[in-house]
Protein chains: 2
Amino acid sequence: MKNSDFVAVRCEECPIRHRAVCARCDGDELAILESMKTYKQYAAGETILWRGEPLDYVASLVHGVASLSKTMEDGRTQMVGLLLPSDFIGRPGRTEVEFDVVATTELTLCRFERKPFEKLVVETPHIAQRLMELALDELDAARDWMLLLGRKTAREKIATFIDMLAQRSLASGSANDLKLELPMTRDQIANYLGLTLETVSRQFNALKKEGVISLSGRKEIEVVDLLALRTATGDDSDGGMLS
Amino acid sequence: MKNSDFVAVRCEECPIRHRAVCARCDGDELAILESMKTYKQYAAGETILWRGEPLDYVASLVHGVASLSKTMEDGRTQMVGLLLPSDFIGRPGRTEVEFDVVATTELTLCRFERKPFEKLVVETPHIAQRLMELALDELDAARDWMLLLGRKTAREKIATFIDMLAQRSLASGSANDLKLELPMTRDQIANYLGLTLETVSRQFNALKKEGVISLSGRKEIEVVDLLALRTATGDDSDGGMLS
DNA sequence: GTCTTTTCTTGATTCAGATCAAGGAATGCA
DNA sequence: TGCATTCCTTGATCTGAATCAAGAAAAGAC
């Protein structure tokens, strides 16, 4: 499904119903959320929130990909998170964000006004618990990324990135095969991995030359040898164990 | 106060009473925690928890410093967090940790058995809310660290590290001056910053040579020129604004 | 369909920080 | 008080990835 095809759906039929902030909600709770929500679309490249901007809405990402990034005064930037469908933007008690939130692809948000939502959180433990889980998952992901940024080689970083996409593709079940679409440009991948775009390009092509992956077009990638890919990530020696 | 001097105290007199997981608790809630808690001491270098080990206790760090670290199969390690007094170990719904938790200095934990504590969390919104805040603070810190690991130079990393210690020293109020005690060896600092110990040593001595800091003994450091230090961190151009 | 822009690739060169190597200075222990 | 260990410094060299520099190949615009 292309994002532009997306139209508002009832919560029961929502693709992220069972993973988003509403995952634990029962029918009554869902009805309240249903009455509060509005959908909003963003084009690829559009900035959703600027760092320090006051947060009028919180939102779930319905589909598409967004990135969180920090920028230094001299222009160096580092992505500090990647938001995938079901991820949440906005935190209880926080009135602004610490980073820019940018639409990496075309995307759709399911938005709630912040103040009424926060009131709802206090009254609805199912939502508060789910928010906590989502925050802890992000914390785990951030820590894995710290290991990658601090200690992995360029090759390991690229392999880890591709493996992460492959994992998610397998998990979402939709994907039958190991053909993936890169949701970002080389430049954005470089910002995510703490590399330069040239190094990203070279490492992609090195893995291709070795027959680990194949590339066709700019954004199509196929994992040819998952075992070799896992080995190249530098992670656990059970690299061969397909999850 | 040296850690070894620490003796059990009543919660009302606890040094972390207003910042730890119990920060929002009222008298009755505090009484329950009081009845559940036990103190435990660890020596510097002792491992508190191994990665993957089941979590029988959760705990607040009363004083001392602990580190969270991840290790790759070939021995490369990266610290993914530093625990300071009032920080919390253990998360609702998590039965094990994803990293090793090691005592960096001698330290004291205020521990609670995990299961009864989790029951208490569900019944006590004051605790649940505070846990959420602590998790979000950690997430912010992790993201700042990602920028540091991915994009900062060795010099900027060292300056940021020293500045962080200085901030905390000023915040805790106790410290009158900008004399700090490094809580870690060069090797541990290197693991924290994604560097090698040689580079850490060189950068410390470079900043010393320039008159930004002064070093005496292994662990004593004094910030001589805070403005220059802030500039060297590479962060916001308002580096001079002493917060 | 042609022109323009953006994105990607590839090569040459440089450089920051890693690695290798050797001492020196604290610290702790007997 | 001496010995051993751990921790730190400093120098020499190496190297992985950054930077500099062209072009080529898509994608989009008109």
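For the numbers below, each heavy atom of this structure counts, side chains included, while hydrogens, waters and symmetry mates do not. Naming convention: chains lettered A, B, ... in sequence-line order (proteins, then strands); numbering from 1 in each chain.
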Among side-chain atoms of A:Thr233 and A:Glu156, is any donor-acceptor pair under 3.5 angstrom?
no
Atom-to-atom span, [atom1] of [X] to [atom2] of [N] - whole angstrom:
X        : N      : atom1 : atom2 : value
B:Leu182 : C:dA26 : CG    : P     : 15 Å
A:Leu149 : C:dG17 : CG    : P     : 15 Å
A:Ile221 : C:dT9  : CD1   : C1'   : 15 Å
A:Leu215 : D:dA26 : CG    : P     : 12 Å
B:Arg186 : C:dG24 : CZ    : P     : 19 Å
A:Asp187 : D:dT19 : CG    : P     : 12 Å
B:Lys157 : C:dA18 : NZ    : C1'   : 12 Å
B:Asn205 : D:dC8  : CG    : C1'   : 9 Å

As an exercise, state the distance from CG of A:Asp187 to OG1 of A:Thr77, rounded to the nearest 0.5 Å.
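That separation rounds to 7.5 Å.
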One should read off an interatomic distance between B:Leu82 CG and B:Asp87 CG, to the nearest 0.5 angstrom, of 8.5 Å
So, does B:Lys70 use its side chain to make a donor-acceptor pair with the main chain of A:Leu147 at under 3.5 Å?
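Checked: no pair found.
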Return yes if some donor-acceptor pair links the side-chain N/O of B:Arg151 with the main-chain N/O of A:Leu195 below 3.5 Å, else return no.
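Yes, B:Arg151 side chain to A:Leu195 backbone: donor-acceptor pair under 3.5 Å.
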Side chain to side chain contact (heavy atoms under 4.5 Å, CB included), that's the test. Do B:Leu61 and B:Leu109 meet it? Break it down for me.
CA-CA 5 Å; B:Leu61 179 57; B:Leu109 297 183; 3.9 Å; yes
Quick check on DNA chain D: between A:Gln203 and A:Arg218, whose nearest nucleotide comes earlier from the 5' end?
A:Gln203
Want to settle it: does B:Arg155 or A:Phe204 sit nearer the 5' end of DNA chain C, counting the closest nucleotide to each?
A:Phe204
When you measure from every atom of DNA chain D, which of residues 188-202 of chain B have a heavy atom less than 4.0 Å away?
B:Leu197, B:Glu198, B:Ser201, B:Arg202
